[in-house]
Amino acid sequence: MGQGKSQFTEEELQDYEDLTYFTKKEVLYAHQKFKALAPEKVGHNKNAKLPMAKILQYPELRVNPFRDRICKVFSSSNDGDCTFEDFLDMMSVFSDNAPKAVKAEHAFRIFDFDGDDMIGVSDLREVIERLCGPELKLSDSEIQQLVQNVLEEADLDDDGALSFAEFEHIIDKSSDFCHSFRIRL
C-alpha cells in the first residue's frame with residue numbers, strides 16, 4: 001500500500017477524503033483497484049483516463065445490467081471513460097457510507113436514459129428489459145403492464161413520467177435500496 005501513497009501528496013489525500021465518503025486508506029485502496037484495471041496505462045500517471053471497456057472489467061460492474069450507464073453518469077467526459085477521480089466518485093457513491101439521498105440522485109441519473117430529467121415510459125421499458133436480461137424475455141404487453149404498474153404506483157402527478165421527487169419518494173419506501181445500490185471496493 002505504501003507505493004501507492006507516493007503518487008498522492010498528503011494534501012491530495014486530504015482533499016479526496018473531504019470530497020468522498022472514504023478515508024485516506026480507502027482512497028489509496030481505490031487507487032490500487034483502479035490501477036489494477038490497466039497497470040500499463042495508470043503506472044505512475046495518476047491522471048490517466050481509462051476507456052469504459054477497462055472500467056467494465058471491475059468485477060461488480062462486469063455483471064451489472066446498468067454498467068454502461070453507471071460509467072457514463074460518473075464519467076467527467078460523459079462518454080464512459082473514467083479518470084481516477086471519476087472512478088473514486090463512483091465507488092464513493094456506491095459505498096455503504098454514502099447517504100441515501102446521494103445514492104437516489106445517481107440512481108435517477110442512471111435510469112434517465114434519454115437525459116430529460118424525467119424517467120418516462122421509454123426509460124422504464126429500458127430499466128425493465130435490463131433487469132430481466134436476455135434470458136427472461138418478456139412480451140411487449142408484459143413490459144407495458146409493468147410500466148403501467150410502476151406509473152400507477154409512483155407517478156403522483158399523473159404526467160406519465162417520474163420526476164426526481166417522485167422517484168425519491170419511491171426510494172424512501174424501499175428498505176433495501178441502499179443495500180442493493182452498492183459496489184464493494
Side-chain angles (χ1 to χ4, degrees), residues 1-113 115 117 119 162-185:
M1 185 100 61
Q3 71 183 31
K5 191 167 187 162
S6 65
Q7 279 202 297
F8 299 107
T9 65
E10 190 59 36
E11 186 178 331
E12 287 172 321
L13 283 174
Q14 186 61 53
D15 287 346
Y16 287 144
E17 185 176 51
D18 293 345
L19 295 170
T20 67
Y21 301 103
F22 289 139
T23 64
K24 291 175 190 172
K25 186 175 178 180
E26 289 168 323
V27 168
L28 291 171
Y29 186 66
H31 189 260
Q32 276 186 339
K33 293 291 193 176
F34 182 74
K35 187 176 180 177
L37 294 171
E40 73 290 346
K41 189 159 185 171
V42 178
H44 295 292
N45 180 5
K46 65 184 175 192
N47 298 315
K49 184 180 207 177
L50 299 185
M52 181 167 47
K54 288 284 188 188
I55 301 296
L56 293 179
Q57 290 174 10
Y58 195 79
E60 288 188 87
L61 282 175
R62 194 179 310 140
V63 297
N64 190 306
F66 301 98
R67 59 190 166 271
D68 61 317
R69 289 291 304 153
I70 291 168
C71 285
K72 286 179 181 166
V73 163
F74 286 94
S75 168
S76 52
S77 52
N78 299 315
D79 57 4
D81 297 351
C82 292
T83 63
F84 171 64
E85 289 184 359
D86 296 337
F87 181 79
L88 188 63
D89 286 345
M90 177 192 315
M91 291 297 135
S92 179
V93 168
F94 279 98
S95 75
D96 288 330
N97 295 329
K100 191 179 211 177
V102 171
K103 289 178 177 285
E105 177 190 331
H106 285 84
F108 184 84
R109 290 177 52 209
I110 289 165
F111 297 154
D112 180 16
F113 289 87
D117 291 328
I119 297 179
L162 303 181
S163 66
F164 177 68
E166 291 166 326
F167 180 78
E168 199 171 30
H169 180 71
I170 290 299
I171 294 300
D172 285 341
K173 294 184 349 183
S174 172
S175 60
D176 67 340
F177 170 72
C178 284
H179 179 73
S180 59
F181 196 81
R182 130 185 132 176
I183 295 175
R184 288 197 179 96
L185 191 54

*asked:* For Met52, is there any backbone N or O sitting under 3.5 Å from a side-chain donor or acceptor partner on Asp81?
replied: yes
*Would you please say whether a donor-acceptor pair under 3.5 Å links the side chains of Glu26 and Tyr21?*
no
*Do Ser75 and Asp79 have side-chain atoms, one donor and one acceptor, less than 3.5 Å apart?*
yes
*salt bridge (Lys or Arg N to Asp or Glu O under 4.0 Å) against Glu168, all qualifying residues, sequence neighbours excluded*: none
*Lys103 side chain to Asp96 main-chain N or O, any donor-acceptor pair under 3.5 Å?*
no
*Flag side-chain contact, heavy atom, 4.5 Å: Phe94 against Ile70*: yes
List the atom pairs, donor and acceptor, that lie under 3.5 Å between side-chain atoms in residues 104-111 and the rest of the protein, sequence neighbours left out.
unit_1: His106; atom_1: ND1; unit_2: Val102; atom_2: O; d: 3.0
unit_1: Arg109; atom_1: NH2; unit_2: Val73; atom_2: O; d: 3.1

_Pair listing, salt bridge (Lys or Arg N to Asp or Glu O under 4.0 Å) test, anchored in residues 36-55, at least two apart_ = Glu12-Lys46, Glu40-Lys54
_Over 12 non-hydrogen atoms of neighbours within 6.0 angstrom of CZ in Arg184_ = no
_Side chains of Met90 and Tyr58 in contact at under 4.5 Å (non-hydrogen atoms)_ = no
_Between Glu10 and Lys24, does any side-chain N to carboxylate O distance fall below 4.0 Å?_
yes
_Phe8 and Tyr16 aromatic ring geometry - parallel, tilted or perpendicular at 30°/60° bounds_ = perpendicular
*Evaluate the ring planes of Phe34 and His31, with Trp represented by its six-membered ring, and classify them as parallel (under 30°), tilted (30 to 60°) or perpendicular (over 60°).*
tilted
